[in-house]
There are 2 protein chains.
Amino acid sequence: METPVESTRERLLNVAEQRFGEGGYEGTSLRAITVAAAANIAAVNYHFGSKEALLRAAVARAMAPVNTERRRRLDQLEAAGTPSAEQLIRAFVEPGLDLVLRRGERGAVVARFIGRIAFDPSQRIRELYVAESDPIEARYLAALRTALPHSAPEAVAFGYVNMLGLLALHQSQALTPAPGGAELEDPGKLAENLIAFLVAAFDRGLRA
Amino acid sequence: METPVESTRERLLNVAEQRFGEGGYEGTSLRAITVAAAANIAAVNYHFGSKEALLRAAVARAMAPVNTERRRRLDQLEAAGTPSAEQLIRAFVEPGLDLVLRRGERGAVVARFIGRIAFDPSQRIRELYVAESDPIEARYLAALRTALPHSAPEAVAFGYVNMLGLLALHQSQALTPAPGGAELEDPGKLAENLIAFLVAAFDRGLRA
DNA sequence: CTCTGATTCAAACGACCGTTTGAACTATGC
DNA sequence: GCATAGTTCAAACGGTCGTTTGAATCAGAG
């Protein structure tokens, strides 16, 4: 099998998303990252410039395929007419869970990383996540508004925030093991359950 | 007006829940806390023993009234018969938002503190929150299962986790300002919207 | 080969971390 | 008054933090 010799830069990004996803930004030291990546401390500042720039690069790399898939699905839906709320929710949630949870160990690491950064205690860190998902989210929000004409715009925005939060929650696995019940094992089932949960809430729970 | 001279211990707890709520556990130093509390560095170890013990004490103090109110409401509901899912959701969510968001500036600080700790990147910190809310949560989960006999137990647990997550999300204000829409200002309205959202999702979104 | 730019390295920088020490201060009871 | 327990204090502890330095190593072009 072909393992094309990872560059120091790639190894740093891989280890960064793993460690940042486990311990958060403040709770993870550059030394822990560089040791695990078999790189010199100075490599971080050489390749990225600073700890925060390393995080920014890791967030951008992790979010890119998710955003691409979301854009592709939204384009496709809008080309076929006016998408329903369920179609929109599915097109938003599945790339976040599916695309990232289905791909074995590595996918779970990326998912947890994204979910944790999205909820980081520091607003400055959270904004790194927001900056990477901003444009596509605005498109989804607008499409949701036209799909739910009977709900007030603020109500749709409220639902949208909840969707973002629940997605990040399940990505980060922050509430597992669940208190008093085993978590859903199959990622596909998790996606279906989350979508059904959100669709029901959007369709009947958004009375402004 | 009576300001009965806050003790050093109380000032430390007050500042701790404010700062930990802003920057998270790892991102907040004891020096930042003690300076803001006008206390000596050594006071933390004198009164609590360690940084983590200070956090534990702050979590316990912040959660106590919420747990008390949840217990009271659940007792009351169960004394009157078999509570509905909506009643249970309301009895669980309102003490977390209401009791804590309605009480002006201080309440918002406590709410954010709890919400942030519940989502802290470090599992060890999250468990401090879980330890304070464990027993009462088990009772709610059991009551929800009997209120939703048509949903599988794992599905109810899934919905319960989502309720916990959304509550902590709105308490922590982690997603405000919302991308593309103003957040709901009135805490009472927020509670009503969240309850409606959850009730709809529980009633129709939990097909296992 | 030499030269050049990119990369890696050990080592150190100053700053900040949580914690500890031991003396100084305070309040209360005798 | 003295003694005692509770509390506060400045100062320092050893360690770790992100970052920087300047020399060593590497790869590729001429």
Side-chain angles (χ1 to χ4, degrees), chain A residues 3-59 61 113 116-117 120-128, chain B residues 3-59 61 113 116-117 120-128:
Chain A
T3 38
V5 193
E6 281 179 337
S7 67
T8 297
R9 193 189 152 88
E10 286 167 334
R11 290 195 324 270
L12 285 173
L13 287 173
N14 292 343
V15 175
E17 68 188 8
Q18 179 208 323
R19 298 304 175 100
F20 283 148
E22 288 173 358
Y25 179 72
E26 295 284 354
T28 304
S29 73
L30 286 185
R31 280 174 175 84
I33 292 174
T34 52
V35 165
N40 190 276
I41 289 276
V44 170
N45 285 277
Y46 175 75
H47 287 287
F48 301 97
S50 70
K51 182 186 183 182
E52 188 168 323
L54 166 63
L55 174 64
R56 185 180 358 258
V59 170
R61 194 188 67 162
F113 170 63
R116 288 282 162 80
I117 296 304
D120 192 272
S122 161
Q123 185 181 347
R124 206 184 68 254
I125 303 303
R126 267 178 277 138
E127 278 170 358
L128 295 180
Chain B
T3 39
V5 191
E6 281 179 337
S7 68
T8 298
R9 194 189 151 89
E10 286 167 335
R11 290 194 325 268
L12 285 173
L13 287 172
N14 293 342
V15 174
E17 67 189 7
Q18 178 209 325
R19 297 303 174 102
F20 283 146
E22 288 173 358
Y25 179 72
E26 294 284 356
T28 303
S29 72
L30 285 185
R31 280 173 174 84
I33 291 174
T34 51
V35 165
N40 190 276
I41 290 276
V44 170
N45 286 276
Y46 175 76
H47 286 286
F48 301 96
S50 70
K51 183 186 182 183
E52 189 168 322
L54 166 63
L55 175 63
R56 182 176 5 253
V59 170
R61 195 188 67 162
F113 170 63
R116 288 282 162 80
I117 296 304
D120 191 273
S122 162
Q123 185 181 348
R124 204 183 72 252
I125 303 304
R126 266 178 279 138
E127 278 169 359
L128 295 179

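Residue numbering restarts at 1 for every chain, and letters A, B, ... go by the order of the sequence lines.
Among the atoms of the strands shown, none is found under 4.0 Å from any heavy atom of A:Thr34.
For the atom pair NE2 (A:His47) and CZ (A:Arg11), the distance works out to 8.5 Å, reported to the nearest 0.5 Å. Rounding to the nearest 0.5 Å gives a distance of 12.5 Å between CG of B:Leu12 and OH of B:Tyr46.
For A:Ser29 and D:dT16, the shortest distance from a side-chain N or O to OP1 or OP2 is not below 4.0 Å.
Note on ring orientation: taking the six-membered ring where Trp is involved, the planes of A:Tyr25 and A:Phe20 are tilted (angle from 30° to 60°).
A:Glu17 has its side chain out of reach of A:Ile117: every pair of non-hydrogen atoms, C-beta onward, lies at least 4.5 Å apart.
For the pair B:Leu55 CG and C:dT19 C1', the interatomic distance rounds to 17 Å; values are reported in whole Å. Taking atom CD1 of residue A:Ile125 and atom C1' of nucleotide D:dG18, one finds them 14 Å apart after rounding to whole Å. Distance NZ (A:Lys51) to C1' (C:dC16): 13 Å, rounded to an integer number of Å.
A pairwise comparison of heavy atoms in B:Glu10 and B:Glu6 identifies OE1-CA, 3.4 Å as the closest pair.
Screening A:Leu13, A:Asp120, A:Leu128 for a side-chain contact (heavy atoms from CB on, under 4.5 Å) with A:Leu55, the sole residue that qualifies is A:Leu128.
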N/O to N/O distances under 3.5 Å, protein versus nucleotides 4-9 of chain C:
from	atom 1	to	atom 2	distance (Å)
C:dT7	OP2	A:Tyr46	OH	2.9
C:dT7	O5'	A:Tyr46	OH	3.4
C:dT8	OP1	A:Thr8	OG1	2.5
C:dT8	OP2	A:His47	NE2	2.7

